[in-house]
Amino acid sequence: MDSLVERFRSGDRRALARLITRAENRSPGFAETLDAIYGSTGRGFRIGVTGPPGAGKSTIVDGLAAAFRAAGDSVAVLAIDPTSPFTGGALLGDRIRMRCTEDDSNIFVRSMATRGSLGGLARATVDAADLLDAFGYKQIMIETVGVGQAEHDVMTASDVVLVILYPGGGDSVQAMKAGLMEIADIFVVNKSDHPAADRLVDDIEQMLELRARRDAWRPPVVQCVATERRGIAELVLRIENYKSAREAAGDLAARRRERREAQVRRAIEEELALLLFEKSGFQDYITRELDRRRPPYAIAAEVVNLIKNSLKHAI
Amino acid sequence: MTSEKIRVLVAKPGLDGHDRGAKVVASALRDRGMEVIYTGLHQTPESIVEAAIQEDVDAVGLSILSGAHMTLFPKIAELLRSRGAENVVLTGGGIIPKEDVESLRTLGFARLFGPGSTTDEIAEYIESEVGRRRAAANH
């Protein structure tokens, strides 16, 4: 394990890839490794990319990657696709659209499966982003599964969130509006060569008038035709504007702190779940009580009380 | 909570444009519970190997119908070795004459799957090979 960290520190991409796998698998020692590289994180900028399926997320990411590379920045991409709840398998196809990686080893692309996580990201997304950050990647893009119910995940995982929409998305876009308003820092209307694109831009602008954000930032709306890389330069500019404005306001630091708090909470939850349901007898107890026709909340309350009592002795 | 998924890269090296077979195999492996990364068409050996490294896959499956397998397959095997990834299970399929299958066997392709192979055979081969190599690596 330690030699892997050494190889990671010396710039070995294979060691980086291995460490991401360990974080994904929650392999023994993965937490210590992440803590060991924690001091080197915080230099990369994390860009979350979300939007409905077919909006062009991967193509936008490809365009941004090319633009960042042209400016001399190293680029990493985490592309997340869903795991089948039935077989546990996943088909990860985002590399197909990332053509700019082909002869450029300074772009690191990693496909991740959600493995049962529901928020549009994989459980180890923040861990993988930390590894990429500590490795030295300057621009780190996180592409979500699509728009789910819990977009809060991509918000805490990223420094900026791009929401990609497209004209003709119709009802799916309508239905998502509420959730998207809170998380979008920049809107991208892709496929803007479509006649209905201006209309969608107007719709978004109107919604922005109605909805107050918790901060002073007003999300800009950028029009793109990603397949032709039109609008990408403007998008890069908007991302830079956002970064400097939020840094100046102190919001970026607040957001990163929020991310770490969520990470600590999640680590505690994971450990406790393991302790409660796999290492102790609670699972058997729950099954037994249910068989005796005891109602679910009563069982839960009793288990929680038992834990509370044992905590009293510990603290 | 520790879980080790089998990760497989399915790749189309070279210039032929037929990827129905690759997609069928990719879907079948997914349905066996593997995480399958599909690269799309027209990949160079260099890009396939770089993808295999970045994705940290346990196996690489190559699909080829163009006849260039004797050039491309050994090149990929050699690049993987040079990157220290010789532990990756290397296999493939397509239209490959018997005598070439024999030569490729000595070049790192212990088994290839031609027409008539079932997706179950491919999946079982990958599962057992990956299992064997993981067990060996842990000792």
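This is a predicted model, so every value here is computed, not measured. Order of the sequence lines fixes the chain letters, A, B, ..., with proteins taken first and strands second; residue numbering starts at 1 for each chain.
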Original post:
Does a salt bridge link R97(A) with D62(A), judged by any charged N lying under 4.0 Å from a carboxylate O?
Top reply: no

Original post:
When rounded to the nearest 0.5 angstrom, what distance separates CZ in R69(A) from CG in L64(A)?
Top reply: 14.0 Å

**OP:** Sort out for me which of G33(B), G40(B), S27(B) touches chain A most, counting heavy-atom pairs under 4.5 Å.
**Re:** G33(B)

Original post:
Looking at E269(A) and R266(A), does any basic side-chain N land under 4.0 Å from a carboxylate oxygen?
Top reply: no

Subject >> Options M34(B), E35(B), E55(B), ranked by heavy-atom pairs under 4.5 Å with chain A, top entry >> reply: E55(B)

**OP:** Please flag which part of R83(B) lies under 4.5 Å from any non-hydrogen atom of chain A: side chain, backbone, both or neither.
**Re:** both

Original post:
A52(B) versus chain A, heavy atoms under 4.5 Å apart: side chain, backbone, both or neither?
Top reply: neither

**OP:** Kindly state each residue pair satisfying ring-ring contact (aromatic ring centres under 6.0 Å, His included) with at least one member in residues 57-84 of chain A, sequence neighbours excluded.
**Re:** none

Original post:
Do any of residues 113-123 of chain B have a heavy atom less than 4.5 Å from a heavy atom of chain A, and if so, which, in residue order?
Top reply: none

Subject >> N-O pairing of E24(A) and R123(A) below 4.0 Å >> reply: no

Original post:
D127(A) and salt bridge (Lys or Arg N to Asp or Glu O under 4.0 Å): which partner among R26(A), R110(A), R22(A)?
Top reply: R26(A)

**OP:** Look at the rings of Y285(A) and F282(A) and say which category their plane angle falls in: under 30° parallel, 30 to 60° tilted, over 60° perpendicular.
**Re:** perpendicular

Subject >> Among the listed options A79(A), G88(A), S111(A), the residue most often paired with chain B at heavy-atom distances under 4.5 Å >> reply: S111(A)

**OP:** Run the salt-bridge test on E143(A) and K57(A) with the 4.0 Å N-O cut-off and return the result as yes or no.
**Re:** no

